[in-house]
Amino acid sequence: MRQAVKDGLPVVPAGGGTGYSGGVTSPNGGIILDMRRMNRVLDVDRNLLLVRAEAGITISELNQYLDSFGMWWPHDPGSRAMATLGGAISVRGVGTYFTRYGAAPDMVYGLTVVLSDGTLLCLDPRSKSRVTGYDLLSLLVSAEGTLGIVTEAVLKIWPQPEFREVRLIAFRSLEEVEAYVRALLEEGVTPETFLVESKERLTHEFEWQNISPDRLQSDLADALWIVIFSFAGRQFSVAPAVARATAMAEALGGRPVHDVAVMQAYWERKTKKLTTERTTIPSYHVADFGMPGPDFRNLERIYSETTALFHLRRKGIRFYVAWPTGDLVCSAQVFYDETDVSSTRRALEWNKTVAYEVAKHGGTISAILGIGVRLAEVLEVERTPTELEVMRKLKAVFDPIGMMNPGKLLP
Ligand SMILES: Cc1cc2nc3c(=O)[nH]c(=O)nc-3n(C[C@H](O)[C@H](O)[C@H](O)COP(=O)(O)OP(=O)(O)OC[C@H]3O[C@@H](n4cnc5c(N)ncnc54)[C@H](O)[C@@H]3O)c2cc1C
């Protein structure tokens with residue numbers, strides 16, 4: 001970093017390169033710093049339930065390592081085999097177990113960061129339990145490589161749950177789903193996972209081992225929305241919680257999928273897939289956004305209207321529900337043809353339009369994938385000019401000559 005400053009070279013930290021926001025592009029030249037060989041686990045503290053690992057380790061490598069201790073780090077994105085720890089925490093990644101454990105940075109307790117002048121800043125893991133001073137940890141975990149290079153992180157880990165039950169419940173409308181979520185929030189139970197997928201999303205990703213589309217169809221019939229939930233822990237508390245949540249769903253119009261093989265195949269694909277091959281052609285683009293509350297219908301309306309406006313084929317939408325707040329994080333996808341400039345442009349413009357619309361309705365323009373170059377110009381609709389000014393001043397403290405991942409995050 002000292003040499004790069006001397007030579008005036010921009011530095012772009014890169015993990016698995018799986019991000020959707022153009023965070024590891026370097027349009028102005030400079031150095032792309034590939035972190036993937038810093039991939040060691042340095043320490044597992046089973047007493048304090050913490051692991052210290054280098055930033056370039058992939059999520060699946062980390063969890064394979066922890067598996068031998070009967071522990072896990074519950075951030076589990078579909079890109080687990082390629083995405084790195086540094087990348088996941090830098091963009092605020094969200095995975096299957098978000099409902100109970102939050103986003104990737106929520107599970108970070110300590111950080112080692114190389115600043116632009118070569119200073120090594122070590123944020124002690126105990127800082128998470130101290131409440132003194134400015135919260136540098138929160139600032140640095142989701143900075144998208146614009147404030148420094150994360151080299152190590154200390155993460156909160158948990159013993160692997162002894163028992164888990166998963167259910168798929170089919171609903172005919174989002175009104176029913178919303179009523180169900182509100183009822184469950186009042187009930188006081190805490191699912192480990194709570195996802196809501198449109199039928200098109202669920203079936204577009206359909207490559208579930210030996211399950212045929214017909215077999216799936218017979219269970220889903222006229223359903224348009226599928227709730228996927230899991231409860232985990234000791235069997236004696238999980239079983240009644242699942243029974244109660246299932247009964248409540250039925251009372252509100254939900255129909256549980258009874259085919260156990262279908263449920264298992266879905267879950268296997270969602271949580272175990274390790275392939276790094278490209279499976280979807282044509283390409284798809286993702287808009288990720290959030291809402292502080294279970295306003296499913298408003299977000300779905302924005303998705304429907306904007307995809308129609310840009311003549312894009314829908315790949316479907318998935319909501320991750322946070323507990324106990326009922327906040328929504330949403331991943332909405334469209335197909336486009338990456339060999340066609342106009343189709344690519346429409347997909348990118350669609351993403352920005354979604355972001356403008358979501359911000360207008362009180363939501364956040366990006367909740368999973370970071371701002372990168374993709375949405376930098378839209379940030380000013382969500383943040384006030386004063387907020388942006390303070391952010392720029394903060395950036396200048398960490399990076400006075402603007403070398404750290406320039407052009408990303410801040411417009
Ligand atoms: C098939 C597929 C499925 C996906 N599923 C999910 C999902 O379920 N959930 C989800 O959240 N995302 C998902 N993603 C998106 C992507 O995998 C995540 O955004 C991931 O967290 C990015 O990690 P990465 O290591 O690839 O980061 P990169 O793409 O390499 O980098 C992302 C950003 O982080 C910065 N960065 C990387 N490493 C460091 C570091 N050490 N220090 C500082 N900054 C750094 C980069 O500069 C860049 O700005 C998916 C992507 C694909 C292709």
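Both counts, for ligands and for their atoms, begin at 1 and track the order of listing. Index from 1, following the sequence. Remember, it's a predicted structure, so these values are computed and weren't measured experimentally.
- Of the protein's non-hydrogen atoms, Thr18 OG1, 2.6 Å is the one closest to atom 26 (O) of ligand 1.
- Taking a cut-off of under 4.0 Å to the non-hydrogen atoms of Ile368, the atoms of ligand 1 that pass are 10 (C), 11 (O).
- Among all non-hydrogen protein atoms, the one lying nearest atom 10 (C) of ligand 1 is Val94 O, 3.3 Å.
- The distance from atom CG of Leu375 to atom CZ of Phe289, rounded to the nearest 0.5 Å, is 11.5 Å.
- Ranking the protein heavy atoms by distance from atom 29 (O) of ligand 1 puts Gly19 N, 2.9 Å first.
- Of all the atoms in ligand 1, the ones that sit under 4.0 Å from a non-hydrogen atom of Gly17 are 24 (P), 26 (O), 28 (P), 29 (O), 30 (O).
- Checking only distances, Gly16 does come within under 3.5 Å of ligand 1, N or O to N or O.
- When the shell of 6.0 Å around CZ of Arg301 is examined, it contains more than 12 heavy atoms from other residues, nucleotides or ligands.
- Nearest-heavy-atom check against atom 6 (C) of ligand 1 across Pro77, Gly56, Gly87, Ala81 picks out Pro77.
- Here's the thing with Tyr20: none of its N/O atoms is less than 3.5 angstrom from an N/O atom of ligand 1.
- In terms of protein heavy-atom proximity, atom 1 (C) of ligand 1 is closest to Tyr284 OH, 4.1 Å.
- Here is the list of ligand 1 atoms found below 4.0 Å of a heavy atom in Val24: 28 (P), 30 (O), 31 (O), 46 (C), 48 (C).
- Summarising the contacts of atom 46 (C) of ligand 1 with Gly145, Pro13, Gly95, the nearest heavy atom is found in Pro13.
- Ranking protein heavy atoms by distance to atom 49 (O) of ligand 1, first place goes to Glu144 O, 3.2 Å.
- Close approach of ligand 1 to Asn405 is summarised as follows: ligand atoms under 4.0 Å from at least one heavy atom of the residue are 47 (O), 49 (O).
- Checked against a 3.5 angstrom limit, the closest N/O atoms of Thr84 and ligand 1 fall inside it.
- Atom OH of Tyr101 and atom CH2 of Trp73 lie 13.0 Å apart (nearest 0.5 Å).
- Under 4.0 Å from ligand 1, not a single heavy atom of Thr151 appears.
- Other residues, nucleotides and ligands contribute more than 12 heavy atoms inside 6.0 Å of the CZ atom of Arg297.
- The shortest heavy-atom distance from Gly370 to ligand 1 is not under 4.0 Å.
- Electrostatic pairing of Arg314 and Glu300 counts as a salt bridge here, judged by a charged N lying under 4.0 Å from a carboxylate O.
- Here NZ of Lys395 is found 11.5 Å from CZ of Arg392. Values are rounded to the nearest 0.5 Å.
- Protein heavy atom closest to atom 12 (N) of ligand 1, with residue, atom name and distance, is Leu369 CD2, 3.9 Å.
- Note that OG1 of Thr146 and CE of Met404 are 7.5 Å apart. Values are rounded to the nearest 0.5 Å.
- Counted by atom type alone, Glu357 and Thr306 present zero donor-acceptor pairs between their side chains at under 3.5 Å.
- Protein heavy atom at the shortest distance from atom 21 (O) of ligand 1 is Ala88 CA, 3.1 Å.
- With distances taken over non-hydrogen atoms, the option nearest atom 50 (C) of ligand 1 out of Ser79, Gly372, Ala103 is Ser79.
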Problem set entry | Audit row: Lys315, Val334, side-chain contact (heavy atoms from CB on, under 4.5 Å) steps and yes/no | CA-CA 5 Å; Lys315 187 167 179 273; Val334 291; 5.9 Å; no
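- Polar contact check, Met35 against ligand 1: no nitrogen or oxygen pair lies under 3.5 Å apart.
- On a distance-only criterion, Gly15 and ligand 1 share at least one N/O pair closer than 3.5 Å.
- Each of the following atoms of ligand 1 lies closer than 4.0 Å to a heavy atom of Gly23: 47 (O), 48 (C), 49 (O).
- Residue contact check for ligand 1: Ala143 places no non-hydrogen atom closer than 4.0 Å to it.
- Atoms CD and OG1, from Glu61 and Thr58 in turn, are 3.5 Å apart once rounded to the nearest 0.5 Å.
- Atoms of ligand 1 found under 4.0 Å from any heavy atom of Gly148 (numbered from 1 in listed order, with element): 43 (C).
- The CZ atom of Phe319 sits 11.0 Å away from atom CD of Glu197, with the distance rounded to the nearest 0.5 Å.
- Counting non-hydrogen atoms of other residues, nucleotides and ligands closer than 6.0 Å to CZ of Arg2 gives a total of 12 or fewer.
- Close approach to Gly93 involves these atoms of ligand 1, each under 4.0 Å from a residue heavy atom: 11 (O).
- Between Val150 and ligand 1, at least one pair of N/O atoms sits closer than 3.5 Å.
- A salt bridge between Arg182 and Glu178 is present, with a side-chain N of the basic residue lying under 4.0 Å from a carboxylate O of the acidic one.
- For the residue pair Tyr97 / Tyr320, no side-chain donor-acceptor distance below 3.5 Å is found, with atom types taken as modelled.
- Residue-ligand proximity, Ala55 to ligand 1, at heavy-atom distances under 4.0 Å covers atoms 41 (N).
- Residues Asp135 and Ser138 bring a donor and an acceptor atom of their side chains to less than 3.5 Å of each other.
- Between the side chains of Ser230 and Glu192, at least one donor-acceptor pair of N or O atoms lies under 3.5 Å.
- Of all protein heavy atoms, the one lying nearest to atom 19 (O) of ligand 1 is Val91 CG2, 3.5 Å.
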